[in-house]
Number of protein chains: 2
Amino acid sequence: KVNVVSGVTCNKDEVKFTLLGVPDKPGIASKVFSELAEVGINVDMIIQNIHYNDVNDITFTIDHEDFEQAHSILEELKDKLNYRELISDVNVAKVSIVGAGMSTNPGVAARMFEALGRGEVNIEMISTSEIKVSCLIEENEADQAVEAIHNEFELDEE
Amino acid sequence: KVNVVSGVTCNKDEVKFTLLGVPDKPGIASKVFSELAEVGINVDMIIQNIHYNDVNDITFTIDHEDFEQAHSILEELKDKLNYRELISDVNVAKVSIVGAGMSTNPGVAARMFEALGRGEVNIEMISTSEIKVSCLIEENEADQAVEAIHNEFELDEE
Ligand SMILES: C[C@@H](O)[C@H](N)C(=O)O
Ligand SMILES: C[C@@H](O)[C@H](N)C(=O)O
């Protein structure tokens with residue numbers, strides 16, 4: 001049978017940063033990511049949700065090998081960007097389901113979230129595209145997350 | 001020349017909902033999206049960023065034709081989910097750049113954000129994948145956003 005989800009991926013080598021309380025006005029996001037690009041740091045996920053008052057939070061993930069360099073760049077940007085606080089997290093894993101049929105199939109993301117819920121895995125962050133649903137979770141919950149998702153979508157059957 | 005960005009897309013027919021202050025514990029995200037899937041509502045973007053205390057905010061976009069039905073479902077879920085407030089926004093547009101080369105090219109997202117910043121377009125939300133960077137902006141800024149991005153990536157040249 002054709003499975004709407006073709007696979008599960010899990011990346012434990014990512015680390016995440018969140019800039020808390022950046023001014024919510026044009027030109028801020030560009031500053032953050034231009035600085036990282038300038039030194040060749042590859043950014044994987046970028047997540048920004050709803051703003052509160054006139055500030056917002058920007059989260060992004062990079063490979064753990066770029067952690068130190070990214071950290072010092074972001075610290076140096078504090079006054080220029082005028083953000084409230086920098087948070088970093090190395091104990092994070094990105095778990096994703098991938099599939100061609102997802103965008104026209106309501107409920108695929110819901111099933112992934114259900115699998116994680118059944119596995120008692122807390123979903124820290126969510127980001128999606130037409131062919132991928134990604135959740136950031138605690139690294140030490142990654143194995144049980146992958147197993148739960150495999151079971152939900154019967155991905156190990158041949 | 002090979003352009004790392006192959007195109008810009010703009011969707012003005014989406015509407016967004018944000019559930020503010022949902023409990024940040026396993027099983028919550030699954031409830032939200034299972035209910036929507038049950039009535040066949042297709043969800044496009046799902047965005048969840050960093051939590052505060054023990055709650056988080058979940059944003060998602062759907063086609064405007066599903067607005068009324070989604071709205072009433074979400075309102076009915078208030079007690080069951082125990083969220084603080086439901087926000088809806090019909091004046092939103094999703095602007096995206098698409099490209100195969102983006103994940104290994106630091107700075108592509110930065111250039112999109114720079115283009116928006118130069119166009120004085122405020123980036124309300126951000127969600128990315130390896131082949132797509134999507135920004136939610138005000139619908140009435142969509143045309144200037146698309147134009148700025150076209151100029152940045154020289155997308156109209158043949
Ligand atoms: C917060 C940040 O995304 C800001 N709104 C910008 O447009 O750059
Ligand atoms: C907020 C929501 O994502 C919750 N953390 C869950 O796992 O369902």
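Atoms considered below: every heavy atom in the structure, side chains included; atoms not considered: hydrogens, waters and symmetry mates. A note on names: the letters A, B, ... follow the listed sequences, proteins ahead of strands, and every chain is numbered from 1.
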Counting only heavy atoms closer than 4.5 Å, note whether Glu120(A) contacts chain B via side chain, backbone, both or neither. both

Against chain B, work out which of [options] has the most heavy-atom pairs shorter than 4.5 Å and name it.
options: Gly117(A), Pro106(A), Ala110(A); value: Pro106(A)
options: Ile28(A), Asn56(A), Ile123(A), Asp24(A); value: Asp24(A)
options: Ser129(A), Gly107(A), Ser127(A), Gly119(A); value: Ser127(A)
options: Asn49(A), Leu116(A), Thr128(A), Val121(A); value: Asn49(A)

Mind checking which of [range] sit less than 4.5 Å from chain A, heavy atom to heavy atom?
range: residues 9-21 of chain B; result: Thr18(B), Leu20(B)
range: residues 29-43 of chain B; result: Ala29(B), Ser30(B), Phe33(B), Ser34(B), Ala37(B), Gly40(B), Ile41(B), Asn42(B)
range: residues 140-150 of chain B; result: none
range: residues 72-89 of chain B; result: Arg84(B), Ile87(B)

Identify which of [options] forms the greatest number of heavy-atom pairs closer than 4.5 Å to chain A.
options: Lys132(B), Met102(B), Met125(B), Arg118(B); value: Met125(B)
options: Thr59(B), Ile50(B), Val133(B); value: Ile50(B)
options: Met45(B), Glu124(B), His51(B); value: Glu124(B)

Take Phe113(B) and Ile46(A), measure what side chain to side chain contact (heavy atoms under 4.5 Å, CB included) needs, and give me the verdict at the end. CA-CA 12 Å; Phe113(B) 303 152; Ile46(A) 301 171; 3.9 Å; yes

Should [X] and [Y] be regarded as members of a common hydrophobic cluster, given that ILVMFWY residues are connected when their side-chain heavy atoms come within less than 4.5 Å of each other, either directly or indirectly?
X: Ile97(B); Y: Leu155(B); result: yes
X: Val95(B); Y: Val4(B); result: yes
X: Val90(A); Y: Ile62(A); result: yes

Could you tell me if the side chain of Ile47(B) sits less than 4.5 Å from the side chain of Ile47(A), heavy atoms only? yes

Contact between Gln48(B) and Leu136(A) at the side-chain level, heavy atoms closer than 4.5 Å - yes or no? no

Would Lys94(A) and Glu130(B) count as a salt bridge (charged side-chain N to carboxylate O under 4.0 Å, His left out) here? Give the steps. CA-CA 13 Å; Lys94(A) 174 183 165 188; Glu130(B) 283 82 352; 3.8 Å; yes

